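Every chain is numbered from 1, with letters handed out A, B, ... down the list of sequences. In this text the structure is predicted, and so the values were computed from the model without any measurement. No hydrogens, no waters, no symmetry mates; every other heavy atom, side chains included, goes into these values.
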Number of protein chains: 2
Amino acid sequence: MYSECVSTSERLIESTRELLWERGYVGTSPKAILERADAGQGSMYHHFRGKPDLALAAIRRTAEEMRAVAEGVLGGPGTPYERIKAYLLRERDVLRGCPIGRLTMDPDVIASEELRAPVDETIGWLRGRLAGIVEEGRTQGEFGDELDGEEIASAVLATVQGGYVLARASGSPAAFDAGVQGLLALLSPGRDRSSRTSTPPPEEESRCTPCSTN
Amino acid sequence: MYSECVSTSERLIESTRELLWERGYVGTSPKAILERADAGQGSMYHHFRGKPDLALAAIRRTAEEMRAVAEGVLGGPGTPYERIKAYLLRERDVLRGCPIGRLTMDPDVIASEELRAPVDETIGWLRGRLAGIVEEGRTQGEFGDELDGEEIASAVLATVQGGYVLARASGSPAAFDAGVQGLLALLSPGRDRSSRTSTPPPEEESRCTPCSTN
DNA sequence: GTCTATAGCACGATAGAC
DNA sequence: GTCTATCGTGCTATAGAC
């Protein structure tokens, strides 16, 4: 309940963000938003044109935030493999799923060009960012030359997005962690034959446990 | 519209299956089901206790069907790697997503033990089936000994489930295909150093294009 | 076994007072 | 800028005729 010292439109956006994450677009009603924001009908229709308009504002903010968080990890220190590993192992509320990715399963979001756009842009940006890092690793010899940046990037992102599905199906984040570990094992520089020409595999990769235990 | 020569309860279940796939549980109303099945309110409440009961019947049938289709590919001929590859490349209506996986994003499905159960069982079965195949490949030396069956299985399943997310976000199945190709490249027996002790890498892996072009 | 009628409530939006 | 009142529609479910 964002009934504190922030503006009403701010409370409306934040409440919508929460509900879109928890229940998706079709599962979120204006009434529920208003209750959570502790506001009346009039406030919502004063600040926004309706449910789609408010949802758009909420999705845009979530997208921006997610991009910033991802960049914080992907733009951090370390070799390409280490940065991808850091992205995969970053702390996550696994059972809540991805606030952006989940919207792709929402029929009304997919049906609307406007609502889908920020989702598409965010995921597209992430794919490109990861692809660049993979290419970087390839030039440096950390990844094999037979690997394609866009393809590996897609596999990495898909493992995360699909990991949420496995976790939510079983009601436990363990399946998410397993998938991430599997992908990391496959990506591990020490495993790749063709990269050995340029860089010898580092000392035996210490097995890392994911942070998501919630 | 299942208004042909099948029974009313059959039409109700089939209509519900379609709508759950297209719009999810919260996005599907009894009214929409009845219209598609060309049936009246009374028929539905005669054959089923209500929306959750009808949805359960629909989900169970979809789960059964999906298991059969998967087993058809995973239980087919070929080495473990080839069977996993066949599973990943099997024809899919990518933009429609997974009729079982999508339900994990539905708040009312996750909130209900009954509705989540068939989803959990199906995904759990697939994970186990894939894990067994990976272990098989490990014993045969097709996969490296450092790989874990459960982990690779989870990564494979997650890539598929997450691939749907990427595809639907961009409105094109290309991202799904890219992720699958990336994972196949990583899994490729020819790439694994540690497996070379037992089996030499086969002749250069012919690059395969996915069947999903819809 | 299927139909229509009706219930009570929530949906998304508008109007107009304050 | 926020409120309450009201709209017309659709939701999930029940009742009872045929």
Side-chain angles (χ1 to χ4, degrees), chain A residues 1-59 103 106-116, chain B residues 1-20 22-59 103 106-115:
Chain A
M1 295 271 188
Y2 286 88
S3 21
E4 288 97 47
C5 50
V6 277
S7 72
T8 302
S9 84
E10 199 59 25
R11 288 191 331 258
L12 285 169
I13 293 177
E14 288 302 316
S15 298
T16 306
R17 294 217 300 150
E18 292 179 359
L19 282 164
L20 286 182
W21 196 352
E22 292 169 22
R23 305 194 42 86
Y25 184 84
V26 288
T28 297
S29 69
K31 195 194 180 194
I33 295 171
L34 296 174
E35 272 169 15
R36 191 172 291 216
D38 196 27
Q41 290 268 89
S43 301
M44 169 175 153
Y45 285 98
H46 173 75
H47 292 287
F48 304 93
R49 282 192 303 271
K51 180 183 167 180
D53 190 39
L54 173 50
L56 184 58
I59 293 172
L103 296 175
D106 221 299
D108 292 6
V109 171
I110 294 303
S112 155
E113 270 303 314
E114 275 219 299
L115 293 180
R116 191 174 59 85
Chain B
M1 293 271 190
Y2 286 87
S3 19
E4 289 96 49
C5 51
V6 277
S7 71
T8 303
S9 85
E10 199 59 26
R11 288 190 332 256
L12 286 169
I13 293 178
E14 288 303 316
S15 299
T16 305
R17 294 217 299 150
E18 291 179 0
L19 282 164
L20 285 182
E22 292 168 22
R23 307 194 39 87
Y25 184 84
V26 289
T28 296
S29 69
K31 196 194 179 195
I33 295 171
L34 297 175
E35 273 169 15
R36 191 171 290 218
D38 195 26
Q41 290 270 87
S43 301
M44 169 173 153
Y45 285 99
H46 171 74
H47 293 287
F48 304 94
R49 281 192 303 273
K51 180 182 168 180
D53 190 38
L54 173 50
L56 184 58
I59 294 172
L103 296 174
D106 220 299
D108 291 6
V109 171
I110 294 303
S112 154
E113 270 304 314
E114 275 219 299
L115 293 180

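Asp108(A) has its CG atom 15 Å from the P atom of dC11(C), to the nearest Å. Protein atom CG of Leu34(A) is 11 Å distant from nucleotide atom P of dA13(C), rounded to whole Å. To the nearest angstrom, P of dT2(D) lies 11 Å from CZ of Phe48(A).
The CG atom of Asp38(A) sits 9.0 Å away from the OG1 atom of Thr8(A) when rounded to the nearest 0.5 Å. Arg23(B) CZ to Asp106(B) CG: the interatomic distance, rounded to the nearest 0.5 Å, is 11.0 Å. Taking CG of Asp108(B) as the start and CG of Leu103(B) as the end, the distance is 11.5 Å to the nearest 0.5 Å.
In terms of phosphate contacts, His46(A) brings no side-chain nitrogen or oxygen within less than 4.0 Å of OP1 or OP2 of dT2(D).
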Could you run through nucleotides 3-18 of chain D and give me one letter per nucleotide, 5' to 3': B if any protein heavy atom sits under 4.0 Å from the base, S if only the sugar-phosphate is that close, - if neither?
-> BB------SSBB----
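Partners of Arg17(B) according to the side-chain hydrogen bond (donor to acceptor under 3.5 Å, both in side chains) rule, which considers only residues two or more places apart in sequence or in another chain, are Glu14(B), Thr62(B), Glu65(B).
Identified under the salt bridge (charged side-chain N to carboxylate O under 4.0 Å, His left out) test for residues 41-51 of chain B, with sequence neighbours left out: Arg49(B)-Asp53(B).
Checked by atom type and distance alone, the side chain of Ser9(B) never pairs as donor or acceptor with a backbone atom of His47(B) at under 3.5 Å.
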